[in-house]
Visitor: 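Got a structure for you, questions after.
No experiment lies behind these values; they were computed from the predicted model shown. Proteins come first, then strands; the chains are lettered A, B, ... in the order of their sequence lines, and each starts at number 1.
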Amino acid sequence: MNYSKKVDEKWQKRWEESKLFKYDPNGEGKKLYVLEMFSYPSGARLHLGHWFNYAPSDSFARFKKMQGYNVFHPMGFDAFGLPAENYAIKTGIHPETSTNNNISNMKKQLTEMGGNYDWDYSVETCRPEYYKWTQWIFLQLYKAGLAYKKEAPVNWCDSCKTVLANEQVINGKCERCGSEVRKKKLAQWFFKITDYADELLKDLDILDWPESTKKVQTNWIGRSEGSEIVFKGYEKDFSLKVFTTRADTLNGVTYVVIAPESELVDKITTPEYKEAVDKYRDDTAKLNEIERTAVNKEKTGVFTGSYVINPINGDKVPVWIADYVLENYGTGAVMAVPAHDERDFEFATKHKLPIKEVIKPENGEKAELPYTQKGILFNSGKYDGLKLEDARLKITEDLAKIDEAKLTVNYKLKDWLISRQRYWGAPIPIIYCDKCGIVPVPEKDLPVLLPKDVEFRPDGESPLKKSESFMNCTCPKCGGKARREADTLDTFVCSSWYYLRYPDPKNSEKAFDREVVDKMLPVDIYVGGKEHAAMHLIYARFMCKALRDLGFLDFDEPFTKLIHQGMILGPDGNKMSKSKGNTVSPETYIEKYGSDIFRMYIMFGFDYRQGGPWDEKGIDSMVKYFTRIEKLIDTSNSLKENNYTEINNNEKELLRIKNQTIKEMTIDINDYRFNTAIARSMEFSNALNDYLKNDKINVSLFKDCVRTYVTLITPLAPHFSEELWEKLGNKGFAYQEKWPEVNDDELKGGTKNIPIQVNGKLKFLVTVDSETSNDEILKEIKANSKVQELLNSENFVKEIYVPGKIFNIVIKK
RNA sequence: GCAGAUAUGGCGGAACUGGUAGACGCACAGGACUUAAAAUCCUGCGGUAGCGAUACCGUCCCGGUCCGAUUCCGGGUAUCUGCACCA
């Protein structure tokens, strides 16, 4: 085989010299914005996951370019984030240094992969030229009331004196020192994504996204319709509001539970219960939300000593605190109906609280508790006999008259917490002044630069707090002494708008030009892992909608079509990780085989959407394929023109396969089905080889087919194809060739088999000319002697003919 | 726990809206070439029985709908993925 990494280098150099991938916004063809989720430069190298995302998608972009689209296919780096900071803490190397190194390495490797990126359109989120505009966007949302500050719990390690990411909390313990992690409240910034909950839900309908991902988002948004009901304190002056989807069971309430963190707890806990309540709250602070709400977890809780009055019947019910109630969902308080709710039932049984039934099955049978199905009311006074759904509305309606309830819609979606007590991120552009309070940094003063000489090792403070030169500033309003916000922005903020910056990445006046963005966006095809289904993909949608409402752009959704590539697992079938020692480095393969063999194998060996365990044996199959192709090209070049120019059956068959290949490869690549596209290309190359076995060869036809063949594999094996293209004596780049079109006349011809079934089981085939009309096919089938025998059988019941597809004879058994 | 997905030969994977299951490859076996090997080329290749035409079984398991089910429905098993401060 002649192909090797040398060939890659030769063509990468030529592409570079001729500026082949230069993007021209005014270029010919319909615009097509093809985007892969940009990469996080956490390591110095592209790993297999990057390759699996980027290489096939690059082939897709190349294919679209050959089809005549004006393809915009940029690449950049999501460069802020925790791993660079952790790496810095471990090694002392500044995050900027390691990030810069990683970016330049990864850029080089993306070029070695053969990516057709125009690096003039690129973003790196850690650069002041970029994060200036991230900060600017924060200010726009702040002005619009979409950014606000409130207290929220964080994971806190007392021994390291630092905030921990969920990822850094292992089984409730600090990843670094192993001591217990507890929840601590800090004042933090939020984006009001909940304002967009309904639209984010509704617009999923118009998106060409995988249904599973839409479902993840639907659940993440978690819309539920219910009622808010007020319970007043019993002989005490307080009230609490509960959210319930089951107002129909209000008469069955036997206690009320509030979240342990609720501010109400201190107010209502009576002295004799104080000690128990305080202890319980401390214990709860150690758990995370998943642990707390796990259904199999034992239902713990304690009584506060206070009671409230059930507004529907005046019952006096006790108020408990329990960790299965979350402060930030609904109202942070629930009414407990043990007879008709699994969790309440378990809790009541454990803590010996009364259970009162109010719903029974419509057939009147005695139900096993807890009964959570549909039914009719009893033990509910004037509501007895009502159906569950009617009762829910009626009860809420009646209570609404005396201001004690209303119908509400509740969302699981919480506002987006964007504050991070971290160093390596974009500073939040806010100033605190003793006189003026919270003051946004004036836009003209952006960017608020991230200081470089900061002690980022954790010692109990946000890293930026330790930089006096950063923290001290003057208030833009009154000119007095002021302090800066020490927290940085969640890196998801950076990545929520990067696709808007790509088309206009050097604009120093604006985040992006509205006209440019409206023309280029939305992204036509967005490719990335499904682990982003909930967070990044919701944040980006929110940001797009928020910026639209603020008048900065004019479309509703950022990504029209979404595709998730699968994941390549280690050879052992587990997720690749350094700790498991099952990682696979692409580089050794590239060195040994060249980029295209590796690309082709990646595309051929796996279902793109599914991935699978790595198996390097398959690479050799690609080596064989490349060898066969080179041989085919050599043979073609060695053939001398002759005077056989007829188109007989053999030629017709070759042309039919050629057009069939064009047709199917076009469909397959268009749908990211690279494995079958390559299989089709193999069939074509097999057909070309088979044709050479004939006595008479139409050389010019054959050579033309070989040319077509090379253009068909050009997007898939870009370097190799250029080499073949040149070998065939062509000038210019194969990349600039037009993607072949199907010739419908040449597609015709040949024969096809019609399966003859008996009771749905294949018995034999009837071969017909593929141009035969469906009616004619039926005649031919019926003329078949074996078919006639079956039709005339005494057990014959009926025949089923699916025109042009299948003939089934039903025989009595 | 909640949510989402997947399951097809020895292996990776095909099969459009229910219509020839296993395309295309890998591995394997036999043959050709070779002093020999590698490479290459040709042939075979889901299982069982049969010399054979062929028959029966077969798409995770159980059941259903249908002339016909890998595909649709109900129930189950196993594996993978995500769960808001990892990106």
Visitor: What's the shortest heavy-atom distance between A:Phe559 and A:Ala540, and which atoms?
Guide: CE1-CB, 3.7 Å
Visitor: In the structure shown, which nucleotide is the Watson-Crick or G-U wobble counterpart of B:rA7, with both distances under 3.5 Å?
Guide: B:rU77
Visitor: Between B:rU43 and B:rU48, how many Å separate the two P atoms, rounded to a whole number?
Guide: 24 Å
Visitor: Taking pairing as Watson-Crick or G-U wobble with both contacts under 3.5 Å, can you name the mate of B:rU48, or confirm there isn't one?
Guide: B:rA55
Visitor: Passes side-chain hydrogen bond (donor to acceptor under 3.5 Å, both in side chains), A:Asn410 versus A:Ser224? Steps please.
Guide: CA-CA 5 Å; A:Asn410 202 22; A:Ser224 74; 5.0 Å; no
Visitor: Tell me which nucleotide among B:rC85, B:rA84, B:rG19 gets nearest to the side chain of A:Lys414.
Guide: B:rA84
Visitor: If you check the A:Phe606 side chain, which of B:rA87, B:rC85, B:rG13 turns out closest?
Guide: B:rG13
Visitor: Protein-nucleotides 22-30 of chain B N/O pairs closer than 3.5 Å?
Guide:
{"unit_1": "B:rA23", "atom_1": "O2'", "unit_2": "A:Glu683", "atom_2": "OE2", "d": "2.9"}
{"unit_1": "B:rA23", "atom_1": "N3", "unit_2": "A:Arg680", "atom_2": "NH2", "d": "3.2"}
{"unit_1": "B:rG25", "atom_1": "OP1", "unit_2": "A:Asn686", "atom_2": "ND2", "d": "2.5"}
{"unit_1": "B:rA27", "atom_1": "OP2", "unit_2": "A:Lys624", "atom_2": "NZ", "d": "3.3"}

Visitor: Could a donor-acceptor pair under 3.5 angstrom be found where the side chain of A:Gln421 meets the base of B:rC85?
Guide: yes
Visitor: What does B:rA14 pair with, Watson-Crick or G-U, if both distances are under 3.5 Å?
Guide: none
Visitor: According to a strict under-4.0 Å criterion, is A:Lys530 in side-chain N/O contact with OP1 or OP2 of B:rU81?
Guide: no
Visitor: Are the charged groups of A:Arg680 and A:Glu664 less than 4.0 angstrom apart, N to O?
Guide: yes
Visitor: Quick one: does A:Lys173's side chain get under 4.5 Å of A:Glu180's, heavy atoms only?
Guide: yes
Visitor: Looking at A:Phe190, does the NZ or CZ of A:Lys149 lie under 6.0 angstrom from its six-membered ring centre and within 45 degrees of the ring axis?
Guide: no
Visitor: Kindly say whether A:Ala285 contributes a backbone atom to a donor-acceptor pair with the side chain of A:Lys184 at under 3.5 angstrom?
Guide: no
Visitor: Pairing check on B:rC72: which nucleotide meets the Watson-Crick or G-U wobble criteria with it, both distances under 3.5 Å?
Guide: B:rG64
Visitor: Would you mind classifying the nucleic acid contact of A:Leu413 as base, sugar-phosphate or nothing, using non-hydrogen atoms under 4.0 angstrom?
Guide: base
Visitor: Ignoring hydrogens and angles, are the base of B:rG13 and the side chain of A:Gln610 linked by a donor-acceptor pair under 3.5 Å?
Guide: no
Visitor: Could you tell me whether A:Asp690 and A:Lys693 make a salt bridge, using a distance below 4.0 angstrom between a side-chain N and a carboxylate O?
Guide: yes
Visitor: What does A:Thr627 touch in the nucleic acid at a heavy-atom separation under 4.0 angstrom: a base, only the sugar-phosphate, or nothing?
Guide: nothing
Visitor: Base, sugar-phosphate alone, or nothing: which one does A:His532 contact when heavy atoms must sit under 4.0 Å apart?
Guide: base
Visitor: For the pair made of CG in A:Asn759 and C1' in B:rG68, what is the distance, rounded to whole Å?
Guide: 9 Å
Visitor: Identify whether any heavy atom of A:Leu82 sits under 4.0 Å from a base atom; if not, whether one sits that close to sugar-phosphate; answer base, sugar-phosphate or nothing.
Guide: sugar-phosphate
Visitor: When we call it a touch if two heavy atoms are under 4.0 Å apart, what does A:Gly611 touch: a base, just sugar-phosphate, or nothing?
Guide: sugar-phosphate
Visitor: Between protein and nucleic acid, restricted to nucleotides 57-60 of chain B and to nitrogen or oxygen atoms under 3.5 Å apart, what atom pairs and distances do you find?
Guide:
{"unit_1": "B:rC57", "atom_1": "OP2", "unit_2": "A:Lys761", "atom_2": "NZ", "d": "3.0"}

Visitor: Quick one: does A:Gln188 reach the base of B:rC85 with a side-chain donor-acceptor pair under 3.5 Å?
Guide: yes
Visitor: Kindly point out which of B:rA55, B:rC85, B:rG82 is positioned nearest to the side chain of A:Leu417?
Guide: B:rC85
Visitor: Quick one: which of B:rG82, B:rC85, B:rG68 gets closest to the side chain of A:Lys575?
Guide: B:rG82
Visitor: With a 3.5 Å limit on both atom pairs, tell me what B:rG1 is paired to, counting Watson-Crick and G-U wobble, or say none.
Guide: B:rC83
Visitor: Could you point out which residue of A:Tyr498, A:Phe77, A:Tyr526 forms a ring pair (Phe, Tyr, Trp, His ring centres under 6.0 Å) with A:Phe38?
Guide: A:Tyr498
Visitor: Looking for any heavy atom pair under 4.0 Å, which part of the strands does A:Phe492 touch: base, sugar-phosphate only, or nothing?
Guide: base
Visitor: So, applying ring pair (Phe, Tyr, Trp, His ring centres under 6.0 Å) with A:Phe598, which one of A:Trp614, A:Phe52, A:Phe604 is it?
Guide: A:Trp614
Visitor: Enumerate the protein-to-nucleotides 72-77 of chain B contacts in which both atoms are nitrogen or oxygen and the separation is below 3.5 Å.
Guide:
none

Visitor: I want to check a possible cation-pi pair here: A:Lys786 against A:Phe764, using under 6.0 Å from ring centre and within 45° of the ring axis as the test.
Guide: yes
Visitor: Of the candidate nucleotides B:rC67, B:rU40, B:rG13, which contains the atom at the shortest distance from the side chain of A:Asp607?
Guide: B:rG13
Visitor: Heavy atoms under 4.0 Å, any strand shown: does A:Trp416 hit a base, just sugar-phosphate, or nothing?
Guide: nothing
Visitor: I need the minimum non-hydrogen distance between A:Ala533 and A:Val216, along with the two atoms involved.
Guide: CB-CG1, 3.9 Å
Visitor: Would B:rG44 be called syn or anti here, given the cut-off of 90° from 0?
Guide: anti
Visitor: In the strands shown, is B:rU34 matched to any nucleotide by a Watson-Crick or G-U wobble pair with both distances under 3.5 Å, and which?
Guide: none
Visitor: Which one is paired to B:rA21, where only Watson-Crick or G-U wobble pairs with both distances under 3.5 angstrom count?
Guide: none
Visitor: With heavy atoms under 4.0 Å as the rule, sort A:Lys412 into base, sugar-phosphate or nothing.
Guide: base
Visitor: With both distances kept under 3.5 Å, what pairs with B:rA39, Watson-Crick or G-U wobble?
Guide: none
Visitor: As a test of reading the structure: which of B:rC85, B:rA5, B:rA55 is closest to the side chain of A:Ser212, going by heavy atoms?
Guide: B:rA5
Visitor: Give me the one residue out of A:Tyr499, A:Phe492, A:Tyr196 that meets ring pair (Phe, Tyr, Trp, His ring centres under 6.0 Å) with A:Tyr539.
Guide: A:Phe492
Visitor: Taking the side chain of A:Leu762 as heavy atoms from C-beta outward, which of B:rC85, B:rA55, B:rA21 is closest to it?
Guide: B:rA21
